[in-house]
Structure formats: C-alpha cells, structure tokens
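Every chain is numbered from 1 and lettered A, B, ... according to where its sequence line falls, protein lines coming before strand lines.
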There are 2 protein chains.
Amino acid sequence: MDRLSEVFSALADPTRRAILARLAEGEATVNQIAEPFPISLQAVSKHLKVLERAGLISRGREAQWRPCRLDAEPLREVADWIAGYQRFWKQRYDQLGEYLRQLQKDETRPEE
Amino acid sequence: MDRLSEVFSALADPTRRAILARLAEGEATVNQIAEPFPISLQAVSKHLKVLERAGLISRGREAQWRPCRLDAEPLREVADWIAGYQRFWKQRYDQLGEYLRQLQKDETRPEE
DNA sequence: GCCATATTCAACCTACAAGTTGATTAACCG
DNA sequence: CGGTTAATCAACTTGTAGGTTGAATATGGC
C-alpha cells in the first residue's frame, strides 16, 4: 500500500484519531492509552501497530513499558497533499467575498 | 460513521484520489473518469458513490450522463483537523510557513 | 418503436479490518 | 525463584471494502 493510503487509512478510525489526540498531550504507555476506551488492550495494541506502520507514532522501550509518542511527519505530508486542493475552497470563499462586495456596492450605490 | 472517518476513508484509496485529481481539471462523466483505470466501469461507479457519500463530489444529470464535479468542502474540514497538529512539525521544520504559503500561491493542478 | 449508449443495480467472491479470548514473552519486585 | 504487571502473539469471528459479471434502467437518435 502506498504511503498516503496508509496514512489516510490509519486516520480513518475515530479510536486511532483519539489516540493521536491523547499523544498530543505527551508520551503514554499502552495501558495509559487504552484506559479511556471500552475495547480490549489487545485491540488498542493493534491500533498502535497500525499507527506505527503509518509512521504516525514511534515507541521506545523502558523496562516493561513501551512508551508511545506522536510523530507528525505523515500529517505534514497529508497537509501538503490537501494544499493542492486549497484553491477549490478558497475560490468559493473568494467568490463569496466578491459577491458580498458586490452586494454592498449595490446597496450603497445610487440607482442608475 | 462519523463525517471525518468517512472522508479519511474515502481518501484512503489511490483510485479515488486519482479520480479527485481528474475532477480538479473539470467536470467529467463516469465513462470519462473510468477511462484511464484498468478496472470495470461498475467498480468506478462504486468509487464515485463512496466519494459522493463523503461529500467530495456531487453529480448533475444531463440526458443519460451524470457529470461529476469536485466538492472540496470536506477537504477543508480535514485541513482544519490537521491544523491542530501543525505545531508538532512546525517546530522541526521552521521554514514550513513559507513553504505552505508558496504551495498556496501555486496554481498547478494536484496530481496523484 | 427500436437500438445504441451511459449508468446503475444485484449477486457473488475474496481479502482484510476490527474486535474477541487465551496463551506467551519480558521485565521488575519481594 | 515465583508472582505480578505490561505488552504482544495467535487463532478465531464477523462485517465490510473492492473487485467481478450479468441484468436492468434511462435517455437520445433514427
């Protein structure tokens, strides 16, 4: 699977996005990460593996703990990809701006 | 499925991203979209349905054709979500602001 | 009305994603 | 050493994603 697909696919799960949000607050062990979720530890472990394969997290080793930390590089790649489409919503925004400007002119301008 | 998951999931397929890239060049019918791909028309039709459910495209009706057009709004939402993580790569790549501004200015079409 | 074209619907196959439970590995602690 | 805790591995189930082929629907041209 290509890299971008891997990352998008990893992000397509709300549990995994929640894990990333948790890691944005700092490193955490598997048990700490799993604590808020109503699923088994093993399921969380699998999610972490998916995130790791996508390059979104990396893990250290400290005694029997495997602390996870966020790795945002793939998110930057996604941002780059999306940036290529920015004009398609910017454009509308600009058009709206132009439209509003036009409305305003029409209102303030005396009739012809 | 929540909206963001739906969009990420839709983007997690290279064929679908290629379809978006094609539509970035302008509206197209199903046959026109399907032409470059080595898969059946029906498979492409399914991809289009996925993109439509995610809000990434919308379709008109002209005679027996169903012209598809890009709808970038969900991409903006993804960009917003990712923006919340920008600080995690900004610190490492401090020239990124300039880089993004450059991308934004760039009018070349997106590629897959 | 009939035929060709564009697209979708339906049934089916295969692979894999996400969850489960139970067993296993690895490190620390008394 | 034996027990406890952290995490992973393995096997299994279930649902769904992405592909196929074949039939059905809708529209325009003659």
Nearest-angstrom distance from the residue atom CG of B:L41 to C1' of C:dT8: 9 Å
Any A:R53 side-chain nitrogen or oxygen under 4.0 Å from OP1 or OP2 of C:dA17: no
Hphob cluster co-occupancy, A:I82 + A:F88, side-chain heavy atoms under 4.5 angstrom: yes
Short side-chain N/O contact from A:S45 to OP1 or OP2 of D:dT8, under 4.0 Å: yes
Atom-pair distance (CH2 on B:W65; P on C:dT5), nearest Å: 11 Å
Rounded distance (Å) that lies between atom C1' of C:dT25 and atom CD of A:Q64: 12 Å
Residue whose closest nucleotide on DNA chain C lies nearer the 5' end, A:S40 versus A:E62: A:S40
Closest to the B:T15 side chain, choosing from C:dG19, C:dA6, D:dG19: D:dG19
Atom pair distance, as rounded to whole Å: CD in A:E52 and C1' in D:dT8: 12 Å
Listed nucleotide nearest any side-chain atom of B:A43, set C:dT21, D:dT8, D:dG19: D:dG19
Polar contact flag, side-chain donor to acceptor under 3.5 angstrom, A:R69-A:S58: yes
A:Q42 (side chain) and C:dG22 (base): donor-acceptor pair under 3.5 Å: yes
First of B:R66 and A:I39 reached from the 5' end of DNA chain C, by closest nucleotide: B:R66
Aromatic ring pairing B:F8/A:F8, orientation class (parallel under 30°, perpendicular over 60°, tilted between): tilted
Sidechain N-carboxylate O distance under 4.0 Å for A:D2, B:R17: yes
Atom pair distance, as rounded to whole Å: CD in B:E35 and C1' in C:dT7: 17 Å
From D:dG19, D:dA7, D:dT21, nucleotide with atom closest to B:H47 side chain: D:dG19
B:K49 NZ to D:dT16 P, straight-line distance once rounded to whole Å: 15 Å
Among C:dC28, D:dT8, D:dG18, the nucleotide that comes nearest once only the side chain of A:A63 is considered: C:dC28
Atom-pair distance (CG on B:D13; P on C:dC16), nearest Å: 14 Å
Nucleotide nearest B:N31 when distance is taken to its side chain, options C:dT7, D:dG18, D:dA7: C:dT7
Check: A:Y85 ring centroid to A:W81 ring centroid under 6.0 Å: yes
Sugar-phosphate, base or nothing in reach of A:R61, heavy atoms under 4.0 Å: nothing
Nearest-Å distance for atom pair NZ/P, residues A:K46 and C:dG22: 15 Å
Distance test, side-chain N/O of B:R59 to OP1/OP2 of C:dT7, below 4.0 Å: no
Sugar-phosphate, base or nothing in reach of B:S9, heavy atoms under 4.0 Å: nothing
salt_bridge(A:E52, A:K49) N-O dist < 4.0 Å: no
